[in-house]
Number of protein chains: 2
Amino acid sequence: MQSGFTRQQASTLSGLSCRQLDYWRKTGLVSPQHQTAGGHSRYGFVDLVVLRAAKRLLDADISLQRIRKCLQSLMRFLPASEHPLAELSLVVTGDVVLVFHGERAFDALTGQEWVFPIAELAAEVEKLQQPQPRQGELFVAEKKLGVRA
Amino acid sequence: MQSGFTRQQASTLSGLSCRQLDYWRKTGLVSPQHQTAGGHSRYGFVDLVVLRAAKRLLDADISLQRIRKCLQSLMRFLPASEHPLAELSLVVTGDVVLVFHGERAFDALTGQEWVFPIAELAAEVEKLQQPQPRQGELFVAEKKLGVRA
DNA sequence: AAATGACAAAAAATGGACTTCTTGTCATTT
DNA sequence: AAATGACAAGAAGTCCATTTTTTGTCATTT
């Protein structure tokens with residue numbers, strides 16, 4: 001076994017057409033990791049993972065242009081992280097792709113992150129619901145110190 | 001303490017204007033849980049949680065029309081679930097709102113769910129990378145049984 | 001086999017006009 | 001105070017025409 005997957009192999013294994021692979025390479029979406037001396041493509045392991053991910057996204061009706069932007073973000077995680085892929089998930093919904101890494105969720109496109117637990121809101125409301133504090137002493141202390149006023 | 005929060009209180013506690021509360025009630029987005037004998041609003045605990053959630057979504061530039069649809073989905077979880085709010089989170093990104101409940105992620109709007117771990121893709125590729133099976137016997141068995149052909 | 005180029009069909013994005021929805025403000029009623 | 005109604009500005013959604021992107025197919029080259 002040599003250095004990587006040929007175009008044909010990559011196509012078969014990813015479910016993408018050779019035409020797509022060519023176009024994607026030409027437009028910089030997924031470029032094969034190596035080349036042969038003769039200038040032929042050799043796709044690497046990470047390439048294949050990316051190609052399969054892209055295929056899934058396409059199947060989920062995510063447009064290529066969106067995938068283009070998302071993969072840029074995904075790529076940052078893929079080769080980099082220590083526990084690389086195990087803790088990494090994609091959530092696809094509507095036309096948004098999220099990258100989950102542990103507890104955090106990033107919009108693969110914007111990099112924006114915003115998660116908030118409902119329990120937090122409920123706790124806030126619950127606190128407001130009882131202006132009479134349970135811990136009387138603390139309340140008194142606050143009044144004395146003028147924390148609330 | 002009586003039955004609930006007045007409009008004014010709900011407004012103050014949620015950060016929404018009375019105008020918004022009125023309009024939202026009129027259009028059925030969030031209706032106060034009870035009414036007084038005189039026909040005045042009394043917002044309940046869950047109402048307040050929902051109002052605060054809505055306020056946050058608005059602050060995140062989610063349009064009211066989208067919130068309208070999302071809350072319908074969120075509402076299903078809120079009063080229903082056993083471990084109600086503790087395991088519930090919202091992820092807001094771009095113009096999509098996801099409801100997280102345990103391991104699952106639902107598009108709050110469509111209800112669609114699709115999560116996939118990258119590790120899975122990597123494992124698939126890894127398997128393909130070695131056409132020589134590690135378990136020789138199994139491979140032979142498959143050939144014998146014609147499973148692959 | 002793989003890369004490249006050319007042509008065309010299909011899919012997706014963009015931009016603008018138009019409509020609907022939200023919200024503030026103010027007056028009136030209950 | 002709260003509800004209701006009226007007016008208007010701004011925000012957001014919809015629809016349609018136009019442009020760009022993506023992909024298949026086929027021929028040619030390396």
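All of these numbers come straight from a predicted model, not from anything done at the bench. Quick note on labels: first sequence line is chain A, next is B, and so on, each numbered from 1.
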Legend entry - Interatomic distance where CD1 belongs to Ile62(A) and P belongs to dT22(D) [whole Å]: 15 Å

Inset, instruction - Please state whether the phosphate of dA2(C), meaning OP1 or OP2, lies under 4.0 angstrom from any side-chain nitrogen or oxygen of Thr6(A). - result: yes

Inset, instruction - Taking the side chain as every heavy atom from C-beta outward, state whether Val115(B) and Leu90(A) have any pair of such atoms under 4.5 Å apart. - result: no

Inset, instruction - Return the 5'-most residue of the pair Asp61(B), Pro32(B) with respect to DNA chain D, ranking by each residue's nearest nucleotide. - result: Pro32(B)

Inset, instruction - Go through dT22(C), dT23(D), dA12(D) for me and flag the one nearest to the Leu64(A) side chain. - result: dT23(D)

Inset, instruction - With sequence neighbours excluded, tell me which residues meet side-chain hydrogen bond (donor to acceptor under 3.5 Å, both in side chains) with Arg68(A). - result: Thr27(A)

Legend entry - Non-hydrogen side-chain atoms of Ile118(B) and Val99(A) separated by less than 4.5 Å: no

Legend entry - Val125(A) side chain reached by Leu13(B) side chain, heavy atoms, under 4.5 Å: no

Inset, instruction - Would you please confirm or rule out a distance under 4.0 Å between OP1 or OP2 of dC21(C) and any side-chain N or O of Arg68(B)? - result: no

Inset, instruction - State which residues pass side-chain contact (heavy atoms from CB on, under 4.5 Å) with Leu109(A); sequence neighbours excluded, sorted by chain then number. - result: Arg66(A), Lys69(A), Cys70(A), Asp107(A)

Inset, instruction - Could you tell me which residues satisfy ring pair (Phe, Tyr, Trp, His ring centres under 6.0 Å) with Phe116(A), sequence neighbours excluded, listed by chain and number? - result: Trp114(A)

Legend entry - Val49(B) to Leu121(A) - nearest heavy-atom pair and separation: O-CD1, 4.1 Å

Inset, instruction - In whole angstrom, give the distance that lies between atom CZ of Arg66(B) and atom P of dA11(D). - result: 17 Å

Inset, instruction - Please identify each residue that fulfils salt bridge (charged side-chain N to carboxylate O under 4.0 Å, His left out) with Asp59(B), with sequence neighbours left out. - result: Lys55(B)

Inset, instruction - Return no unless some side-chain N or O of Ser63(B) is found under 4.0 Å from OP1 or OP2 of dA11(D). - result: no

Legend entry - Residue-level proximity of residues 17-27 of chain B to DNA chain C when a heavy atom falls under 4.0 Å: Ser17(B), Arg19(B), Gln20(B), Tyr23(B), Trp24(B)

Legend entry - Side chain to side chain, His40(A) and Gln35(A), heavy atoms closer than 4.5 Å: no

Inset, instruction - Taking the side chain as every heavy atom from C-beta outward, state whether Val91(B) and Phe100(B) have any pair of such atoms under 4.5 Å apart. - result: yes

Inset, instruction - Taking side-chain contact (heavy atoms from CB on, under 4.5 Å) as the test, write out the residues that go with Gln33(B), two or more places apart. - result: Asp47(B)

Legend entry - Under the 3.5 Å Watson-Crick or G-U criterion, the dot-bracket string of DNA chain D, with | for inter-strand pairs: ||||||||||||||||||||||||||||||

Legend entry - Whole-Å distance separating the CG atom of Leu71(B) from the P atom of dT22(C): 12 Å

Legend entry - Length of the line joining Ile67(B):CD1 and dT22(C):P, which is rounded to integer Å: 10 Å

Inset, instruction - Just jot down the side-chain contact (heavy atoms from CB on, under 4.5 Å) partners of Ser17(A), sequence neighbours excluded, or say none. - result: Arg19(A), Gln20(A)

Look for any protein N or O under 3.5 Å of an N or O in nucleotides 28-30 of chain C and output each such pair with its distance, or none.
none

Legend entry - Test log, rule salt bridge (Lys or Arg N to Asp or Glu O under 4.0 Å), inputs Arg56(A) and Glu120(B): CA-CA 12 Å; Arg56(A) 288 232 198 168; Glu120(B) 211 174 74; 3.3 Å; yes

Inset, instruction - Report yes if the side chains of Thr6(B) and Arg42(B) come closer than 4.5 Å at any heavy-atom pair, otherwise no. - result: yes

Legend entry - Sequence-distant partners of Ala10(B), side-chain contact (heavy atoms from CB on, under 4.5 Å), two or more places apart: Leu21(B), Tyr43(B), Leu48(B), Leu51(B)

Inset, instruction - Look at Arg7(A) and dA3(C) and indicate whether a side-chain polar atom (N or O) is within less than 4.0 Å of OP1 or OP2. - result: yes

Inset, instruction - Using atom CG of Leu29(A) as one end and atom C1' of dT21(D) as the other, report the distance to the nearest whole Å. - result: 13 Å

Legend entry - Heavy-atom check, side chain of Phe106(B) versus side chain of Leu98(B), under 4.5 Å: no

Inset, instruction - Might you point out which heavy atoms bring Pro32(B) and Ser41(B) nearest each other, and give the distance in Å? - result: CG-OG, 3.3 Å

Inset, instruction - Send over the distance from Lys69(B) NZ to dA12(D) C1', rounded to a whole Å. - result: 11 Å

Legend entry - Summary of protein contacts for nucleotides 15-20 of chain C, nucleotide by nucleotide, where a base hit scores B, a sugar-phosphate-only hit scores S (4.0 Å, heavy atoms): ------

Inset, instruction - Give the rounded distance in Å between these two atoms: CD of Gln8(A) and P of dA3(C). - result: 11 Å

For nucleotides 16-19 of chain D, which of its nitrogen or oxygen atoms have a protein nitrogen or oxygen under 3.5 Å away, and what is each distance?
none

